[in-house]
Amino acid sequence: MGKHLHWFRKDLRLADNPALSRAAKGDVLPVYLFDPSELAAMGAASKVWLFHSLHALNQSLDGQLRLLSGPSQTALPEFVAQNEITTVTWTRRYDPAGIEMDQALKATLQGNGVEVHSLNGSLLWEPWDAKKPDGTPYRVFTPFYKRGCQAAAPPRAPLPAPKLDLVKKPHDDLALLDQLLPDRDWHVDMMDGWNPGEAGARIALEAFIDGPLDGYKSDRDVPAANATSRLSPHLHFGEISPNQIWHAIAKQPTTHDTAHFKSELAWREFSYHLLYRHPDLDHKNLNDKFDAFPWRDDDAALQRWQRGQTGIPIVDAGMRELWQTGYMHNRVRMIVASFLIKNLLIHWREGLAWFHDTLVDADPANNAASWQWVAGSGADAAPYFRIFNPVTQARKFDAEATYITTYVPELAALPVKHRHAPWEAPAEIRKALQGYPEPLVDLKDSRARALAAFSSLP
DNA sequence: TGGAGCTTGAG
DNA sequence: TCAAGCTCC
């Protein structure tokens, strides 16, 4: 026995939390720590989600979640010493800053005679296990998934929530959570329709399995169809584990839909695998040929993209969905990213930074791997010449302009057939359109410019 | 997990 | 006239 501290980070749940279950062998002090360096690096939307998620976690811990503040390297060992804690547990992190912090802290704690257990609770497979037969890491998704993952042992089965003997905390410290909220109240509307926390994650998973899972493979591409799982923020904050999702899906009859959804979970694994192997994934081209790419500096264009004022309806709808809800449909993420990188020739890092700040599911691995994938500078990346035409994409995946009109209501003044490309409408129809900008760039010309830029690379 | 431009052939 | 198929970017 003894007093065991579980340090919660991106594992804000009780069920299927191997490190928490390990802590439950003793009397448990559940802790969340506000490290100033981590807070400074966190996006605004993520902080709002975290605020709600920590409240939910505290409730499921009978109000006994302890909130600490300070640099983890000093604040945590001090707390451990003051409270005569014998064992510290946490769920492993795989981002470079997290790995570095955890290694240093583990050494400090062990040097002080404290037992430390770090366990995997956020990935289906450890990123260092997936290696090609020649020992080098995979760079292509399909063999990574087929030979590196599926051929390995199946993912660990989920654990039940442990019974916790909680050590009562001496005073209420919940006011510390308020630092996560912004000064202005935009976050209230943003959270409409979201339900952060372990219970909300479970409900979202069940609703997905009972609903959109059937037909997922094709409907997932239609932004107005509500046919995706929307589990990403829950998964990012560890309110649900990938193992819980994987095994819940595996219980269903196997179809093309279940197989495809599992492969999407595996893309998340692949992103973490890449981030683990390439710690500078969020700022350095994986393919260094792209270091010579002639990016444009264009703050005005960047700002119009950020605010959903490019004059390209599907792009603006996506960027406004993001701004209003902290989320964007995956198909539309690819379209807006392609537009920023290829039609505007603005560096993918600018897009990554904006997504990091505004997405409630902003994730270091998914965000970096996906932006590099669109740019063509990453692993298994889209070929450079794959340039989405946002009008073609919109006509294909939002044929009735339902999604477009939801987020760009100005376009409701036009007949449906003109809402994908309003500039092509006859002048007398177009004049009904008040206050919606002309296209920021000509799609044909900017496509040609992008192809020329890419072909200029050595 | 593209698109543009071209040819071909049905209607 | 246009969808389908092909090639190249």
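Residue numbering restarts at 1 for every chain, and letters A, B, ... go by the order of the sequence lines.
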note = Within residues 388-404 of chain A, the residues having a heavy atom closer than 4.0 Å to DNA chain B are A/Asn389, A/Thr392, A/Gln393
request  = Could I get the full list of side chain to side chain contact (heavy atoms under 4.5 Å, CB included) partners for A/Ala19, not counting sequence neighbours?
outcome  = A/His6, A/Asn17, A/Thr89, A/Thr91, A/Leu119
request  = Mark yes or no: A/Arg9 above the aromatic ring of A/Trp7, with NZ or CZ under 6.0 Å from the six-membered ring centre and no more than 45 degrees from the axis.
outcome  = yes
query = Between A/Arg333 and A/Tyr327, is NZ or CZ placed under 6.0 angstrom from the six-membered ring centre and within 45° of the ring axis?
reply = yes
query = Hey, does the Lys NZ or Arg CZ of A/Arg331 hover above the aromatic six-ring of A/Phe397, less than 6.0 Å from the centre and inside 45° of the axis?
reply = yes
ask   = How are the rings of A/Phe51 and A/His55 set to each other: parallel, tilted or perpendicular (split at 30° and 60°)?
value = perpendicular
Aromatic ring pairing A/Trp373/A/Trp267, orientation class (parallel under 30°, perpendicular over 60°, tilted between) = perpendicular
ask   = Regarding A/Asp363 and A/His236, is there a side-chain donor-to-acceptor distance under 3.5 Å anywhere?
value = yes
remark   = Under a 4.0 Å heavy-atom criterion, DNA chain B is touched by chain A from B/dT1 to B/dG5
